[in-house]
Amino acid sequence: MGKDHASAWNDFWADNVESDGGGCLPAGWQGIDAVQQSAWVEFAKGLPQKARLLDIATGDGRVLGWIAENRGDLKLTGCDLAQELPAPPTKAKIHTSVAMEDLPFRDDFFSAAVSQFGFEYGDTEKAAREIARVVEPGGAIAFMTHRADGPILAHNLARREQIAWVVEEQDLFAIAKRSLALRGTGIAIFPPKIASAPLEGAQRFGARSAAWEISEAIRQTLMMGQRDLPANVARTLDTIALKAKNELGRIASLEAACNTTKDEIAFLAACTAGGLQQVSSTPLREGPDAAPFADFRVFRHAD
């Protein structure tokens with residue numbers, strides 16, 4: 001994962017330490033969430049008693065939470081590149097600022113390793129080698145990986161288009177900043193383009209789209225800041241702009257991760273070179289007629 005992409009995810013988790021963040025999943029996709037949970041609960045059933053399990057790129061720890069609810073005997077550890085994360089499940093140990101390509105654990109320490117939408121964000125061969133090192137021979141290893149043809153990437157690419165409409169096509173942040181600069185000259189005209197942008201964004205992309213959400217945040221910031229110091233309003237606009245930039249960074253990293261798994265031959269070759277051999281891959285769907293949103297992959301140590 002590139003430095004900018006890693007920074008975007010780090011900022012995301014820092015902003016969501018008190019919330020149930022879904023990463024690249026939109027709020028309300030309970031169907032996908034339920035399928036994910038079911039896959040991990042089923043996987044956990046086959047683990048030995050009191051096994052040590054490592055969750056790589058643990059994020060908000062939801063996988064550890066699901067497993068803990070069904071296997072309270074397991075010794076759970078999570079690690080993530082982010083510096084700050086939401087509170088982990090009870091009894092789980094979390095290590096922050098950890099790259100999956102350089103795990104701070106001794107050889108053969110874990111009985112199992114898992115990763116949900118995490119492994120494919122790293123350097124595949126290097127991460128596979130580290131996982132093969134810290135998981136004992138014969139240990140259970142499973143990754144839930146993104147698909148380039150799935151609804152998660154499609155949703156996020158649509159978000160990117162909506163953000164670009166606000167930032168590039170409509171240039172709303174620049175217009176807002178120019179309006180603040182004019183206050184010093186005694187001209188206080190509310191920009192018509194900013195006043196109309198939320199409705200236009202909703203009509204073009206949807207009532208709860210990023211186009212509506214960000215343009216409405218800009219409009220409200222200017223509206224409520226009419227009696228505030230321009231510098232204070234500018235700082236709020238900068239915060240909104242940074243959040244939009246970070247979301248674009250997360251979407252770019254998601255797209256890169258999807259491209260990694262899209263090239264199945266190269267992906268599996270890198271896994272094998274790193275010491276992991278894929279045993280099975282099962283497409284996961286929200287419903288029988290839905291397009292797969294992920295693949296559930298089981299690995300073993302390569303011979």
Side-chain angles (χ1 to χ4, degrees), residues 1 6-25 33 36-123 126-145 257 274-276 296-301:
M1 184 185 297
S7 177
W9 280 106
N10 187 70
D11 290 342
F12 172 82
W13 289 122
D15 287 342
N16 287 275
V17 291
E18 300 296 336
S19 66
D20 182 23
C24 54
L25 288 174
D33 210 52
Q36 292 174 322
Q37 180 175 3
S38 177
W40 289 120
V41 169
E42 188 63 29
F43 171 79
K45 288 179 180 178
L47 298 179
Q49 283 291 313
K50 299 182 179 180
R52 292 190 180 97
L53 180 141
L54 174 64
D55 182 22
I56 297 156
T58 190
D60 60 3
R62 62 181 54 202
V63 173
L64 292 178
W66 291 329
I67 291 176
E69 289 174 3
N70 294 271
R71 289 294 307 272
D73 61 297
L74 299 180
K75 299 176 181 178
L76 304 177
T77 300
C79 65
D80 200 287
L81 188 58
Q83 299 170 8
E84 191 175 1
L85 294 170
T90 304
K91 296 184 180 180
K93 296 182 179 179
I94 301 298
H95 299 257
T96 57
S97 302
V98 171
M100 67 182 79
E101 298 87 355
D102 187 20
L103 298 173
F105 310 108
R106 64 173 173 81
D107 295 359
D108 303 334
F109 183 72
F110 294 99
S111 308
V114 300
S115 183
Q116 175 171 290
F117 299 153
F119 175 72
E120 64 272 36
Y121 285 83
D123 181 307
K126 291 181 179 178
R129 184 173 292 110
E130 275 294 270
I131 293 166
R133 179 184 67 78
V134 303
V135 176
E136 63 188 13
I141 300 167
F143 306 138
M144 190 179 295
T145 59
L276 299 181
F296 191 82
R297 303 172 183 269
V298 176
F299 289 81
R300 64 173 177 81
H301 285 77

- Query: W40: what forms a ring pair (Phe, Tyr, Trp, His ring centres under 6.0 Å) with it, not counting sequence neighbours?
  - Reply: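 W40: ring pair (Phe, Tyr, Trp, His ring centres under 6.0 Å) contacts with F43, F296.
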- Task: Apply ring pair (Phe, Tyr, Trp, His ring centres under 6.0 Å) to F110 and list each qualifying residue two or more places apart in sequence or on a separate chain.
- Result: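 Ring pair (Phe, Tyr, Trp, His ring centres under 6.0 Å) list for F110, sorted by chain: F105.
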With the side chain counted from C-beta on, respond yes when [X] and [Y] share a heavy-atom pair under 4.5 Å apart, and no when they do not.
X: F143; Y: I131; value: yes
X: L103; Y: C79; value: yes
X: D33; Y: W66; value: yes

What distance do [X] atom [atom1] and [Y] atom [atom2] have between them, rounded to the nearest 0.5 Å?
X: K45; Y: N70; atom1: NZ; atom2: CG; result: 7.5 Å
X: M100; Y: L81; atom1: CE; atom2: CG; result: 7.5 Å
X: I56; Y: E130; atom1: CD1; atom2: CD; result: 9.5 Å
X: D80; Y: H95; atom1: CG; atom2: NE2; result: 12.0 Å
X: L74; Y: L64; atom1: CG; atom2: CG; result: 10.0 Å
X: M144; Y: R297; atom1: CE; atom2: CZ; result: 12.0 Å

Which pairs would a plain distance check flag for residues 47-55, meaning a side-chain donor or acceptor within less than 3.5 Å of a matching protein atom at least two apart in sequence or in another chain?
residue, atom, partner, partner atom, Å
D55, OD2, T58, OG1, 2.7

- Is it true that a side-chain atom of H301 and a backbone atom of A132 form a donor plus acceptor pair closer than 3.5 Å?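 Between the backbone of A132 and the side chain of H301 there is a qualifying donor-acceptor contact (under 3.5 Å).
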